[in-house]
Amino acid sequence: MHELSVTQSLVDMVIEEAQKRNLKKVTKVTVVIGELTGLESESIKFYFDVLSENTVAEGAELVFKIVKAQFKCRQCGNIFERTNFTFNCPVCGATGVLVDKGKEFYMESIEVE
Amino acid sequence: MDEIVIIRDVLEANNNVAHENKTIKDERNILMVNIIGSPGTGKTSFILRAIENLKVPCAVIEGDVTSDIDARKMAERNIPVVQINTGGSCHLNAGSVNRALKSLSFDNGIVFIENVGNLICPSGFELGEDFKLALANVTEGDDKPYKYPLLFTKAKAVVLNKIDMLPYFEFDKKFFYDGIRALNQEVPFFEVSARTGEGFGEFAKWLEEKYYKFRQSK
Ligand SMILES: Nc1nc2c(ncn2[C@@H]2O[C@H](COP(=O)(O)OP(=O)(O)OP(=O)(O)O)[C@@H](O)[C@H]2O)c(=O)[nH]1
Ligand SMILES: [Mg+2]
Ligand SMILES: [Zn+2]
(Lines give C-alpha, C1' and ligand atoms only; values in the text may rest on other atoms or scores of the structure.)
(Ligands and ions follow the chains in the order given, each with its own letter.)
Protein backbone atom coordinates (compact mmCIF):
# COMPACT_ATOMS: atom_id res chain seq x y z
CA MET A 1 0.00 0.00 0.00
CA HIS A 2 0.94 3.62 -0.47
CA GLU A 3 0.35 4.95 3.04
CA LEU A 4 3.85 6.40 3.13
CA SER A 5 3.34 8.72 0.17
CA VAL A 6 -0.12 9.89 1.21
CA THR A 7 1.06 10.52 4.76
CA GLN A 8 3.88 12.66 3.37
CA SER A 9 1.23 14.70 1.51
CA LEU A 10 -0.75 15.03 4.72
CA VAL A 11 2.25 16.21 6.74
CA ASP A 12 3.19 18.71 4.00
CA MET A 13 -0.36 20.06 4.12
CA VAL A 14 -0.32 20.50 7.89
CA ILE A 15 3.03 22.32 7.75
CA GLU A 16 1.78 24.59 4.95
CA GLU A 17 -1.42 25.48 6.80
CA ALA A 18 0.51 26.17 10.00
CA GLN A 19 2.98 28.43 8.17
CA LYS A 20 0.15 30.37 6.52
CA ARG A 21 -1.23 31.17 9.95
CA ASN A 22 2.08 31.63 11.75
CA LEU A 23 1.36 28.78 14.11
CA LYS A 24 4.15 27.36 16.19
CA LYS A 25 2.67 24.05 17.21
CA VAL A 26 -0.07 21.75 15.95
CA THR A 27 -1.41 19.42 18.63
CA LYS A 28 -4.06 17.48 16.79
CA VAL A 29 -4.96 16.64 13.18
CA THR A 30 -8.28 15.15 12.16
CA VAL A 31 -8.52 13.15 8.96
CA VAL A 32 -11.58 11.61 7.32
CA ILE A 33 -11.04 8.23 5.64
CA GLY A 34 -13.65 6.28 3.69
CA GLU A 35 -13.70 2.53 4.19
CA LEU A 36 -13.48 1.89 0.45
CA THR A 37 -10.12 3.63 0.07
CA GLY A 38 -8.48 0.64 1.71
CA LEU A 39 -6.13 2.99 3.56
CA GLU A 40 -4.92 1.63 6.87
CA SER A 41 -5.12 4.16 9.66
CA GLU A 42 -2.57 2.24 11.72
CA SER A 43 0.17 2.67 9.16
CA ILE A 44 -0.76 6.30 8.48
CA LYS A 45 -0.34 6.94 12.18
CA PHE A 46 3.01 5.19 12.20
CA TYR A 47 4.34 7.19 9.24
CA PHE A 48 2.86 10.42 10.57
CA ASP A 49 4.88 10.16 13.77
CA VAL A 50 8.07 9.57 11.80
CA LEU A 51 7.48 12.16 9.07
CA SER A 52 6.36 14.91 11.42
CA GLU A 53 9.53 14.79 13.51
CA ASN A 54 11.17 18.23 13.73
CA THR A 55 8.14 19.94 12.21
CA VAL A 56 5.28 21.96 13.75
CA ALA A 57 3.28 18.75 13.80
CA GLU A 58 5.74 16.76 15.88
CA GLY A 59 3.88 14.91 18.63
CA ALA A 60 0.47 15.90 17.29
CA GLU A 61 -2.35 13.47 17.91
CA LEU A 62 -3.76 12.04 14.72
CA VAL A 63 -7.50 11.39 14.85
CA PHE A 64 -9.38 9.43 12.20
CA LYS A 65 -13.03 9.63 11.32
CA ILE A 66 -13.77 6.45 9.42
CA VAL A 67 -16.71 6.66 7.01
CA LYS A 68 -18.34 3.31 6.35
CA ALA A 69 -19.62 2.49 2.89
CA GLN A 70 -23.42 2.44 2.88
CA PHE A 71 -25.79 0.52 0.69
CA LYS A 72 -29.46 1.14 0.00
CA CYS A 73 -31.78 -1.81 -0.55
CA ARG A 74 -33.48 -1.76 -3.96
CA GLN A 75 -36.52 -3.46 -2.51
CA CYS A 76 -37.27 -1.99 0.91
CA GLY A 77 -35.03 1.10 0.93
CA ASN A 78 -33.21 0.04 4.07
CA ILE A 79 -29.80 1.69 4.44
CA PHE A 80 -27.15 -0.74 5.64
CA GLU A 81 -23.44 -1.41 5.97
CA ARG A 82 -21.97 -4.38 4.18
CA THR A 83 -21.09 -7.61 5.82
CA ASN A 84 -18.40 -9.85 4.31
CA PHE A 85 -19.06 -11.22 0.84
CA THR A 86 -22.49 -9.81 0.31
CA PHE A 87 -23.95 -6.44 -0.54
CA ASN A 88 -27.47 -7.75 0.10
CA CYS A 89 -29.98 -6.21 2.48
CA PRO A 90 -29.89 -7.78 5.97
CA VAL A 91 -33.63 -7.09 6.36
CA CYS A 92 -35.19 -8.46 3.20
CA GLY A 93 -32.29 -10.08 1.37
CA ALA A 94 -32.69 -8.05 -1.83
CA THR A 95 -29.66 -6.54 -3.54
CA GLY A 96 -28.32 -3.20 -2.37
CA VAL A 97 -26.85 -0.27 -4.24
CA LEU A 98 -23.87 1.74 -3.03
CA VAL A 99 -24.76 5.14 -1.62
CA ASP A 100 -22.00 7.57 -2.52
CA LYS A 101 -20.12 7.20 0.75
CA GLY A 102 -16.88 5.56 1.77
CA LYS A 103 -14.49 7.06 -0.80
CA GLU A 104 -13.50 10.08 1.32
CA PHE A 105 -9.94 10.99 2.13
CA TYR A 106 -9.38 14.50 3.40
CA MET A 107 -7.98 16.57 6.24
CA GLU A 108 -10.80 18.10 8.26
CA SER A 109 -9.24 20.21 10.98
CA ILE A 110 -6.17 20.94 13.06
CA GLU A 111 -5.89 21.93 16.69
CA VAL A 112 -3.24 24.36 17.86
CA GLU A 113 -1.91 25.64 21.14
CA MET B 1 -6.66 24.90 22.40
CA ASP B 2 -8.08 26.23 19.19
CA GLU B 3 -9.58 24.06 16.53
CA ILE B 4 -9.26 25.32 12.98
CA VAL B 5 -11.41 23.70 10.33
CA ILE B 6 -9.38 23.18 7.17
CA ILE B 7 -10.87 20.85 4.64
CA ARG B 8 -8.28 19.74 2.12
CA ASP B 9 -8.13 16.70 -0.13
CA VAL B 10 -4.95 14.87 0.85
CA LEU B 11 -4.41 13.87 -2.78
CA GLU B 12 -4.88 17.38 -4.19
CA ALA B 13 -1.30 17.64 -5.50
CA ASN B 14 -1.82 14.52 -7.60
CA ASN B 15 -5.27 15.66 -8.70
CA ASN B 16 -3.94 18.99 -9.93
CA VAL B 17 -1.43 17.28 -12.20
CA ALA B 18 -4.12 14.84 -13.33
CA HIS B 19 -6.16 17.83 -14.38
CA GLU B 20 -3.23 19.15 -16.39
CA ASN B 21 -2.82 15.73 -18.05
CA LYS B 22 -6.44 15.82 -19.07
CA THR B 23 -5.95 19.17 -20.77
CA ILE B 24 -2.83 17.92 -22.58
CA LYS B 25 -4.43 14.76 -23.87
CA ASP B 26 -7.63 16.56 -24.90
CA GLU B 27 -5.61 19.05 -26.94
CA ARG B 28 -3.93 16.13 -28.68
CA ASN B 29 -7.25 14.35 -29.36
CA ILE B 30 -6.29 11.40 -27.21
CA LEU B 31 -8.78 9.15 -25.46
CA MET B 32 -6.88 7.77 -22.48
CA VAL B 33 -7.85 4.48 -20.81
CA ASN B 34 -6.37 3.46 -17.46
CA ILE B 35 -6.17 -0.36 -17.26
CA ILE B 36 -6.20 -1.67 -13.69
CA GLY B 37 -5.99 -5.28 -12.51
CA SER B 38 -3.97 -7.73 -10.45
CA PRO B 39 -0.50 -8.94 -11.45
CA GLY B 40 -0.86 -11.46 -14.27
CA THR B 41 -4.55 -10.76 -14.92
CA GLY B 42 -3.65 -10.19 -18.58
CA LYS B 43 -3.25 -6.43 -18.90
CA THR B 44 -0.46 -6.65 -21.50
CA SER B 45 -2.16 -9.47 -23.42
CA PHE B 46 -5.46 -7.59 -23.31
CA ILE B 47 -3.98 -4.36 -24.65
CA LEU B 48 -2.23 -6.22 -27.50
CA ARG B 49 -5.42 -8.00 -28.53
CA ALA B 50 -7.52 -4.86 -28.24
CA ILE B 51 -5.11 -2.96 -30.50
CA GLU B 52 -5.26 -5.79 -33.05
CA ASN B 53 -9.01 -5.36 -33.19
CA LEU B 54 -9.25 -1.56 -33.16
CA LYS B 55 -9.43 0.53 -36.32
CA VAL B 56 -8.35 3.62 -34.37
CA PRO B 57 -4.56 4.28 -33.98
CA CYS B 58 -3.29 3.32 -30.52
CA ALA B 59 -0.32 3.88 -28.25
CA VAL B 60 0.64 2.57 -24.81
CA ILE B 61 2.04 3.96 -21.58
CA GLU B 62 3.56 1.03 -19.69
CA GLY B 63 3.76 1.22 -15.93
CA ASP B 64 6.01 -1.35 -14.37
CA VAL B 65 7.85 -1.59 -11.08
CA THR B 66 11.25 -2.34 -12.60
CA SER B 67 11.27 -4.18 -15.92
CA ASP B 68 10.64 -3.23 -19.54
CA ILE B 69 9.41 -6.67 -20.67
CA ASP B 70 5.88 -5.47 -21.42
CA ALA B 71 7.07 -2.31 -23.19
CA ARG B 72 9.29 -4.41 -25.46
CA LYS B 73 6.30 -6.54 -26.46
CA MET B 74 4.58 -3.37 -27.66
CA ALA B 75 7.65 -2.02 -29.44
CA GLU B 76 8.14 -5.35 -31.27
CA ARG B 77 4.74 -4.81 -32.85
CA ASN B 78 5.56 -1.21 -33.77
CA ILE B 79 3.11 0.17 -31.24
CA PRO B 80 4.25 3.60 -29.95
CA VAL B 81 5.12 3.03 -26.30
CA VAL B 82 6.60 4.90 -23.35
CA GLN B 83 7.83 3.06 -20.31
CA ILE B 84 7.42 4.32 -16.75
CA ASN B 85 9.39 2.53 -14.05
CA THR B 86 7.77 3.31 -10.76
CA GLY B 87 10.83 2.15 -8.83
CA GLY B 88 8.86 0.10 -6.36
CA SER B 89 5.73 2.21 -6.12
CA CYS B 90 2.49 0.23 -6.15
CA HIS B 91 0.62 2.58 -8.49
CA LEU B 92 1.14 5.14 -11.22
CA ASN B 93 0.69 8.75 -10.25
CA ALA B 94 -0.26 11.75 -12.35
CA GLY B 95 3.28 13.15 -12.36
CA SER B 96 4.82 10.12 -14.05
CA VAL B 97 2.01 9.99 -16.61
CA ASN B 98 2.58 13.70 -17.27
CA ARG B 99 6.21 13.03 -18.20
CA ALA B 100 5.22 9.98 -20.24
CA LEU B 101 2.62 11.96 -22.19
CA LYS B 102 5.15 14.66 -22.97
CA SER B 103 7.67 12.17 -24.35
CA LEU B 104 5.09 10.19 -26.32
CA SER B 105 4.91 11.43 -29.91
CA PHE B 106 1.38 10.36 -30.68
CA ASP B 107 -1.86 12.26 -31.32
CA ASN B 108 -5.37 11.50 -32.58
CA GLY B 109 -6.05 8.09 -31.12
CA ILE B 110 -6.39 5.92 -28.05
CA VAL B 111 -3.70 5.66 -25.37
CA PHE B 112 -3.83 2.65 -23.07
CA ILE B 113 -2.13 3.04 -19.71
CA GLU B 114 -1.05 -0.28 -18.24
CA ASN B 115 -1.06 0.49 -14.54
CA VAL B 116 1.06 -1.42 -12.03
CA GLY B 117 -0.42 -4.86 -11.33
CA ASN B 118 -2.39 -4.22 -8.14
CA LEU B 119 -6.09 -4.28 -7.27
CA ILE B 120 -6.02 -1.67 -4.52
CA CYS B 121 -3.58 1.19 -4.89
CA PRO B 122 -3.99 2.36 -8.52
CA SER B 123 -7.71 2.99 -8.01
CA GLY B 124 -7.03 5.86 -5.62
CA PHE B 125 -4.89 7.92 -7.99
CA GLU B 126 -6.39 9.94 -10.83
CA LEU B 127 -4.12 10.18 -13.86
CA GLY B 128 -6.19 12.46 -16.07
CA GLU B 129 -7.63 9.50 -17.94
CA ASP B 130 -11.01 9.45 -19.65
CA PHE B 131 -11.90 6.35 -17.70
CA LYS B 132 -10.64 3.40 -15.69
CA LEU B 133 -11.10 -0.12 -16.98
CA ALA B 134 -11.15 -2.95 -14.43
CA LEU B 135 -9.57 -6.10 -15.83
CA ALA B 136 -10.55 -9.15 -13.78
CA ASN B 137 -9.98 -12.75 -14.79
CA VAL B 138 -11.53 -16.15 -14.20
CA THR B 139 -8.52 -17.71 -12.43
CA GLU B 140 -8.33 -15.14 -9.62
CA GLY B 141 -11.84 -15.96 -8.40
CA ASP B 142 -15.30 -14.44 -8.41
CA ASP B 143 -15.06 -12.58 -5.09
CA LYS B 144 -12.90 -9.65 -6.21
CA PRO B 145 -15.73 -7.05 -6.24
CA TYR B 146 -16.36 -7.84 -2.57
CA LYS B 147 -12.70 -7.72 -1.57
CA TYR B 148 -11.58 -4.76 -3.68
CA PRO B 149 -14.70 -2.64 -4.09
CA LEU B 150 -13.06 0.70 -4.88
CA LEU B 151 -11.84 -0.34 -8.34
CA PHE B 152 -15.26 -1.65 -9.36
CA THR B 153 -16.90 1.48 -7.99
CA LYS B 154 -14.74 3.74 -10.15
CA ALA B 155 -14.46 1.70 -13.36
CA LYS B 156 -16.37 2.75 -16.48
CA ALA B 157 -15.88 -0.71 -18.00
CA VAL B 158 -15.37 -4.12 -16.44
CA VAL B 159 -13.69 -6.80 -18.52
CA LEU B 160 -13.54 -10.43 -17.43
CA ASN B 161 -10.50 -12.02 -19.10
CA LYS B 162 -9.42 -15.67 -19.47
CA ILE B 163 -12.92 -16.95 -20.15
CA ASP B 164 -11.27 -19.87 -21.95
CA MET B 165 -10.48 -21.05 -18.39
CA LEU B 166 -14.12 -21.18 -17.25
CA PRO B 167 -14.33 -24.99 -17.63
CA TYR B 168 -11.38 -25.46 -15.26
CA PHE B 169 -12.28 -23.04 -12.48
CA GLU B 170 -15.25 -22.61 -10.22
CA PHE B 171 -16.30 -19.12 -11.12
CA ASP B 172 -19.81 -18.02 -10.15
CA LYS B 173 -20.61 -15.32 -12.70
CA LYS B 174 -23.81 -14.30 -10.95
CA PHE B 175 -21.98 -13.71 -7.67
CA PHE B 176 -19.30 -11.73 -9.52
CA TYR B 177 -21.70 -9.53 -11.51
CA ASP B 178 -24.12 -9.02 -8.56
CA GLY B 179 -21.24 -7.63 -6.54
CA ILE B 180 -20.29 -5.18 -9.27
CA ARG B 181 -23.88 -4.07 -9.86
CA ALA B 182 -24.28 -3.19 -6.19
CA LEU B 183 -21.25 -0.91 -6.49
CA ASN B 184 -21.80 0.47 -9.95
CA GLN B 185 -25.19 0.35 -11.59
CA GLU B 186 -24.31 1.51 -15.08
CA VAL B 187 -20.94 -0.07 -15.88
CA PRO B 188 -20.87 -2.28 -19.00
CA PHE B 189 -19.46 -5.82 -18.78
CA PHE B 190 -17.32 -7.59 -21.36
CA GLU B 191 -16.07 -11.16 -21.40
CA VAL B 192 -12.92 -11.92 -23.35
CA SER B 193 -10.04 -14.31 -23.78
CA ALA B 194 -6.80 -12.61 -24.72
CA ARG B 195 -5.56 -16.13 -25.49
CA THR B 196 -8.15 -17.04 -28.12
CA GLY B 197 -9.28 -13.53 -29.08
CA GLU B 198 -12.89 -14.27 -28.15
CA GLY B 199 -14.97 -11.23 -27.22
CA PHE B 200 -12.61 -8.59 -28.60
CA GLY B 201 -14.81 -7.71 -31.59
CA GLU B 202 -17.55 -6.50 -29.30
CA PHE B 203 -15.17 -4.69 -26.98
CA ALA B 204 -13.39 -2.93 -29.86
CA LYS B 205 -16.71 -1.77 -31.29
CA TRP B 206 -17.72 -0.29 -27.94
CA LEU B 207 -14.38 1.48 -27.49
CA GLU B 208 -14.38 2.85 -31.04
CA GLU B 209 -17.80 4.34 -30.39
CA LYS B 210 -16.45 5.95 -27.22
CA TYR B 211 -13.57 7.38 -29.23
CA TYR B 212 -15.77 8.80 -32.00
CA LYS B 213 -18.09 10.36 -29.41
CA PHE B 214 -15.07 11.89 -27.69
CA ARG B 215 -13.86 13.39 -30.97
CA GLN B 216 -17.30 14.77 -31.83
CA SER B 217 -17.71 16.32 -28.41
CA LYS B 218 -14.82 18.68 -29.08
N1 LIG C 1 -5.57 -18.97 -20.62
C2 LIG C 1 -5.39 -17.65 -20.74
N3 LIG C 1 -4.22 -17.10 -20.37
C4 LIG C 1 -4.09 -15.76 -20.50
C5 LIG C 1 -5.11 -14.94 -21.01
N6 LIG C 1 -4.69 -13.65 -21.00
C7 LIG C 1 -3.43 -13.67 -20.50
N8 LIG C 1 -3.05 -14.96 -20.22
C9 LIG C 1 -1.78 -15.41 -19.66
O10 LIG C 1 -1.63 -14.86 -18.35
C11 LIG C 1 -0.27 -14.55 -18.09
C12 LIG C 1 -0.13 -13.08 -17.70
O13 LIG C 1 -0.51 -12.26 -18.80
P14 LIG C 1 -0.01 -10.76 -18.94
O15 LIG C 1 -0.70 -10.20 -20.11
O16 LIG C 1 1.47 -10.72 -18.90
O17 LIG C 1 -0.59 -10.17 -17.60
P18 LIG C 1 -0.32 -8.71 -16.95
O19 LIG C 1 -1.56 -8.35 -16.21
O20 LIG C 1 0.15 -7.78 -17.98
O21 LIG C 1 0.84 -9.05 -15.93
P22 LIG C 1 1.80 -8.02 -15.14
O23 LIG C 1 2.14 -6.90 -16.09
O24 LIG C 1 2.97 -8.84 -14.76
O25 LIG C 1 1.00 -7.56 -13.95
C26 LIG C 1 0.50 -14.89 -19.36
O27 LIG C 1 1.03 -16.18 -19.21
C28 LIG C 1 -0.59 -14.89 -20.42
O29 LIG C 1 -0.28 -15.74 -21.50
C30 LIG C 1 -6.35 -15.58 -21.39
O31 LIG C 1 -7.31 -14.95 -21.84
N32 LIG C 1 -6.43 -16.93 -21.22
MG1 LIG D 1 1.88 -6.59 -18.05
ZN1 LIG E 1 -34.30 -4.70 1.98
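Sequence lines set the chain letters: A, B, ... in the order given, protein chains first and strands last, and positions in each chain run from 1.
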Margin query: Would you call the rings of A/His2 and B/His91 parallel, tilted or perpendicular, taking 30° and 60° as the class edges?
Written below: perpendicular

Check: So does A/Phe46 have more than 12 non-hydrogen atoms from other groups sitting under 6.0 Å from CZ?
Finding: no

Check: In this structure, are over 12 heavy atoms from other groups packed under 6.0 Å from A/Glu16 atom CD?
Finding: yes

Checklist line | Choice from B/Thr153, B/Asn184, B/Asp178 maximising heavy atom contacts with chain A below 4.5 Å | finding: B/Thr153

Note to self: So, taking the atom named CD in B/Glu3 and the one named CD1 in A/Ile110, what distance separates them when rounded to the nearest 0.5 Å?
What the structure shows: 9.5 Å

Next item on the list: Kindly check if the number of other-residue, nucleotide or ligand heavy atoms within 6.0 Å of NZ (A/Lys25) is above 12?
Entry: yes

Checklist line | Region of B/Phe125 that comes under 4.5 Å of a non-hydrogen atom in chain A | finding: side chain

Next item on the list: Find out whether A/Arg74 and B/Arg181 are in side-chain contact, i.e. whether some heavy atom of one side chain is under 4.5 Å from a heavy atom of the other.
Entry: yes

Next item on the list: Answer yes or no: does atom NZ of B/Lys22 have more than 12 heavy-atom neighbours from other residues, nucleotides or ligands under 6.0 Å?
Entry: yes

Check: Do B/Glu12 and A/Met13 touch side chain to side chain, with heavy atoms closer than 4.5 Å?
Finding: yes

Checklist line | Gap between atom OG1 of A/Thr86 and atom CZ of B/Phe175 - 0.5 Å precision | finding: 7.5 Å

Next item on the list: Look up atom SG in B/Cys90 and atom CD in A/Glu3, then write down how far apart they are to the nearest 0.5 Å.
Entry: 8.5 Å

Note to self: Any heavy-atom pair between the side chains of A/Glu35 and B/Pro149 that's under 4.5 Å?
What the structure shows: no

Item checked: Charged N-O contact under 4.0 Å between B/Arg8 and A/Glu17 -> yes

Item checked: Heavy atoms of other groups near A/Lys20 NZ, more than 12 under 6.0 Å -> yes

Check: Atom CG of A/Leu23 and atom CG of B/Asp2: how far apart are they, to the nearest 0.5 Å?
Finding: 9.0 Å

Next item on the list: Please report the closest heavy-atom contact between A/Phe87 and B/Pro145, naming both atoms and the distance.
Entry: CZ-O, 3.7 Å

Next item on the list: Taking the side chain as every heavy atom from C-beta outward, state whether A/Glu111 and B/Ile4 have any atom pair closer than 4.5 Å.
Entry: no

Next item on the list: Using a cut-off of under 4.5 Å on heavy-atom pairs, state which of A/Glu113, A/Arg21, A/Glu104 scores highest against chain B.
Entry: A/Arg21

Notebook entry, point to check: Given A/Met107, which of B/Asp9, B/Ile6, B/Ile7 fulfils the side chain to side chain contact (heavy atoms under 4.5 Å, CB included) condition?
Noted result: B/Ile6

Check: Going from CG on A/Leu39 to CD1 on B/Ile120, what distance comes out if it is rounded to the nearest 0.5 angstrom?
Finding: 9.5 Å

